[in-house]
Participant: 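My questions all concern the structure below.
Everything numeric here is computed off the predicted structure, so don't read it as measured data. By convention here, the first residue in the shown sequence is residue 1.
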Amino acid sequence: MMIDISKQKVDGNCPSCNSKFTVTLGQVSRQETIRCVSCKEEIKLIDSESSAKKGIKNINKSFDELERTFKKLGNLKL
């Protein structure tokens with residue numbers, strides 16, 4: 001796979017102190033708990049309706065299909 005969208009970074013804000021944090025879509029889809037670097041509050045990442053998990057799966061599948069298409073094009077004899 002050329003690209004793994006689960007490694008894409010997204011920003012959020014601590015609900016306690018409003019400090020900015022950055023996590024990956026993979027962390028969101030696994031609903032990890034992170035700790036705010038400013039106030040040390042634990043933040044549970046919520047993947048509402050598994051939307052991040054489904055999105056990662058669908059986008060990665062599309063990238064795989066695109067990669068296969070490019071490989072087929074590279075094997076064409078003109």
Participant: How about C39 and C14: do any of their side-chain heavy atoms sit closer than 4.5 Å?
Facilitator: yes
Participant: Does a side-chain N-to-carboxylate-O contact under 4.0 Å join K20 and D11?
Facilitator: yes
Participant: Atom CG in N58, atom CD1 in I5: separation rounded to 0.5 Å?
Facilitator: 11.5 Å
Participant: Taking side-chain contact (heavy atoms from CB on, under 4.5 Å) as the criterion, tell me which of V23, V10, T33 meets it with L45.
Facilitator: V23
Participant: Do side-chain atoms of T24 reach the backbone of Q27 as a donor and acceptor pair under 3.5 angstrom?
Facilitator: yes
Participant: Atom CD1 in I43, atom SG in C36: separation rounded to 0.5 Å?
Facilitator: 5.0 Å
Participant: Within this structure, what is the NZ-CZ distance for the pair K53 and R30, rounded to the nearest 0.5 Å?
Facilitator: 10.0 Å
Participant: Could you state the interatomic distance from CG (N60) to CD (E67), rounded to the nearest 0.5 Å?
Facilitator: 11.0 Å
Participant: Any side-chain heavy atom of I46 sitting closer than 4.5 Å to one from Q31?
Facilitator: yes
Participant: Could you state the interatomic distance from CD1 (I59) to CD (Q8), rounded to the nearest 0.5 Å?
Facilitator: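 One finds 9.5 Å between CD1 of I59 and CD of Q8.
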Participant: I'd like to know whether CD of E65 has more than 12 heavy-atom contacts from other residues, nucleotides or ligands below 6.0 angstrom.
Facilitator: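 Yes - once you tally the heavy atoms of other residues, nucleotides and ligands closer than 6.0 Å, there are more than 12.
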Participant: L25 and A52: which non-hydrogen atoms are nearest, and at how many Å?
Facilitator: O-CB, 4.5 Å
Participant: Rounded to the nearest 0.5 Å, what's the gap from OG on S29 to CG on D47? Could you check?
Facilitator: 6.5 Å
Participant: With a 6.0 Å cut-off (strictly less than), is the heavy-atom count around NZ of K9, excluding the residue itself, greater than 12?
Facilitator: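 Count not over threshold, so no.
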Participant: Donor-acceptor pair, distance only, cut-off 3.5 Å: does the side chain of N13 make one with the backbone of F21?
Facilitator: no
Participant: State, to 0.1 Å, how close R35 and K40 come at their nearest heavy-atom pair, and which atoms those are.
Facilitator: NH1-O, 2.7 Å
